[in-house]
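Predicted model, so just to flag it, every value in this text is computed and none were measured.
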Amino acid sequence: MEHSNSLPNNCISLDQLPREKWWGGSNIDDLYQFEGFWYRAHVLSAAISAKSHFMARDDDDVILASSIPRQEQPGMSTPRLFRTHVPYTMLPDSVKNSRCKIVYITRNPKDTFVSLWLFLNKFAVQQQKPPCPFDLAFDSFIKGVHSFGPFHDHILKVKSGNFASFLGKNLLRDEDLDKILWRCSLERLKNLEINKYGKNQFTGVANEAYFRRGTVGDWKNHISVEMEEKLDKITHIKFQGSGLDLC
């Protein structure tokens with residue numbers, strides 16, 4: 001993808017930033033490191049622009065996921081819902097200083113890596129580009145060199161708390177939880193018309209590409225024992241004293 005070397009607001013030039021080939025550059029653009037995290041050039045430009053100009057409302061909701069900002073659409077009804085993969089530190093001050101609620105979604109780093117590798121290789125095939133070898137991708141992931149990485153640092157930037165009370169809700173009954181789990185289930189979501197036939201309006205990627213098995217622990221079918229031990233060791237060190245346990 002073509003891009004300018006200048007970033008918004010004349011803050012810095014891409015040439016001044018650390019640059020790495022993501023997964024050997026076999027199927028993905030170069031990554032640029034900005035304030036401790038790695039971005040593709042056009043994503044970094046959009047994120048900086050959004051951080052400078054986006055104005056949050058107190059009744060907005062933001063869904064933050066570990067590993068592209070969604071632009072405000074004219075005429076969006078309130079409460080507005082946005083989702084992004086950028087780290088908390090890249091969110092606009094108007095979001096962090098408002099009363100809008102931020103929900104952070106993450107998962108086991110081993111499942112995260114496997115899903116990311118399979119998804120991007122599927123995308124590479126669609127673009128008639130070679131897939132990335134698993135070991136090369138893994139080495140890049142544990143070094144933190146991947147889009148919106150490092151994975152562990154991304155998580156550590158966010159404070160955790162009780163989800164129900166955070167949303168201003170009382171503790172839910174079992175039947176209410178069952179309804180929520182069903183509405184969020186992979187089986188239901190992947191069978192929605194928009195997800196079976198729609199495309200991402202920014203990337204052109206078919207929505208169905210975002211849905212795979214949805215099975216926790218599927219990493220065991222891909223990651224070797226040696227790789228498991230290496231990534232678990234990094235996770236323990238990174239999360240030491242945080243109260244987090246994602247191994």
Side-chain angles (χ1 to χ4, degrees), residues 1-56 62-72 82-97 102 104-106 109 112-113 115-117 119-121 123-124 127 129-133 135-158 200-205 231 234-235 237-239:
M1 179 175 292
E2 295 182 358
H3 55 77
S4 169
N5 281 342
S6 298
L7 293 172
N9 305 325
N10 297 314
C11 66
I12 199 170
S13 167
L14 287 175
D15 295 333
Q16 298 174 271
L17 298 177
R19 183 175 69 176
E20 290 280 354
K21 288 288 186 182
W22 187 17
W23 296 0
S26 59
N27 57 358
I28 301 295
D29 296 338
D30 289 345
L31 293 182
Y32 296 86
Q33 190 181 50
F34 183 77
E35 296 182 346
F37 292 91
W38 295 94
Y39 303 85
R40 298 170 71 183
H42 69 287
V43 175
L44 176 57
S45 179
I48 291 175
S49 181
K51 185 175 184 179
S52 301
H53 302 294
F54 178 81
M55 295 304 298
V62 178
I63 296 179
L64 200 61
S66 57
S67 200
I68 299 201
R70 182 170 183 172
Q71 299 173 352
E72 178 180 359
F82 301 91
R83 54 103 175 107
T84 181
H85 285 307
V86 301
Y88 179 81
T89 53
M90 185 59 90
L91 291 179
D93 288 339
S94 66
V95 171
K96 291 182 282 189
N97 296 331
I102 302 174
Y104 189 87
I105 300 174
T106 191
T112 298
F113 163 68
S115 291
L116 181 62
W117 177 72
F119 169 74
L120 290 174
N121 275 344
F123 186 57
Q127 299 295 312
K129 296 180 179 180
C132 179
D135 57 346
L136 179 63
F138 182 79
D139 184 60
S140 182
F141 185 82
I142 63 175
K143 291 178 180 177
V145 182
H146 55 91
S147 191
F148 308 108
F151 172 84
H152 301 88
D153 294 352
H154 198 295
I155 296 172
L156 289 170
K157 295 297 182 182
V158 182
N200 185 301
Q201 61 179 313
F202 303 113
T203 65
V205 177
L231 184 49
I234 293 172
T235 300
I237 292 173
K238 285 284 190 177
F239 289 165

Below 4.5 Å, heavy atoms only, C-beta onward: do Phe82 and Val95 meet side chain to side chain? no

I need the minimum non-hydrogen distance between Ser94 and Ala56, along with the two atoms involved. OG-N, 3.0 Å

Look up atom CG in Leu116 and atom CG in Asn121, then write down how far apart they are to the nearest 0.5 Å. 9.5 Å

Can you check whether Leu231's main-chain N or O pairs, donor with acceptor, with Thr235's side chain at less than 3.5 Å? yes

May I ask you to decide if the ring planes of Phe138 and Phe113 are parallel, tilted or perpendicular, using 30° and 60° as cut-offs? perpendicular

Distance (rounded to the nearest 0.5 Å) between Phe141 CZ and Thr112 OG1: 6.0 Å

Would you please test Asp30 and Lys21 for side chain to side chain contact (heavy atoms under 4.5 Å, CB included) and show each step? CA-CA 5 Å; Asp30 289 345; Lys21 288 288 186 182; 2.9 Å; yes

If only atom types and distance count, is the side chain of Ser52 paired as donor or acceptor with the main-chain N or O of Ile48 below 3.5 Å? yes

Which atoms form the tightest heavy-atom contact between Pro150 and Gly36, and what is the distance? CD-O, 3.4 Å

Hey, are the side chains of Ser147 and Val43 touching, using non-hydrogen atoms and a 4.5 Å cut-off? no

I'd like to check Phe151 versus Ile142 (side-chain heavy atoms, cut-off strictly below 4.5 Å). Are they in contact? no

Evaluate the side-chain proximity of Leu14 to Leu44: yes if any heavy-atom separation is below 4.5 Å, no if none is. yes

Less than 4.5 Å apart, side chain to side chain, heavy atoms only: is that true for Leu31 and Arg19? no

Mind checking the CH2-SG spacing from Trp117 to Cys132? Nearest 0.5 Å is all I need. 8.5 Å

Please determine whether a side-chain nitrogen of the Lys or Arg among Lys143 and Asp139 lies less than 4.0 Å from a carboxylate oxygen of the Asp or Glu. yes

From the options Tyr88, Tyr104, Tyr39, select the one residue that forms a ring pair (Phe, Tyr, Trp, His ring centres under 6.0 Å) with His154. Tyr104

Nearest heavy-atom approach of His152 to Ile234 is CE1-CG2, 3.9 Å

Check whether any side-chain heavy atom of Leu91 lies under 4.5 Å from a side-chain heavy atom of Lys51, and answer yes or no. no

Closest approach of Trp22 to Ser140 (non-hydrogen atoms, all atoms of both residues): CD1-OG, 3.8 Å

Given side chains that start at C-beta, do those of Phe148 and Met90 come closer than 4.5 Å, heavy atoms only? no

Closest approach of Thr89 to Lys96 (non-hydrogen atoms, all atoms of both residues): O-NZ, 3.5 Å

State, with a plain yes or no, whether a side-chain heavy atom of Asp153 is found less than 4.5 Å away from one of Lys238. yes

For Gln33, side chain to side chain contact (heavy atoms under 4.5 Å, CB included) partners two or more places apart: Pro18, Trp38

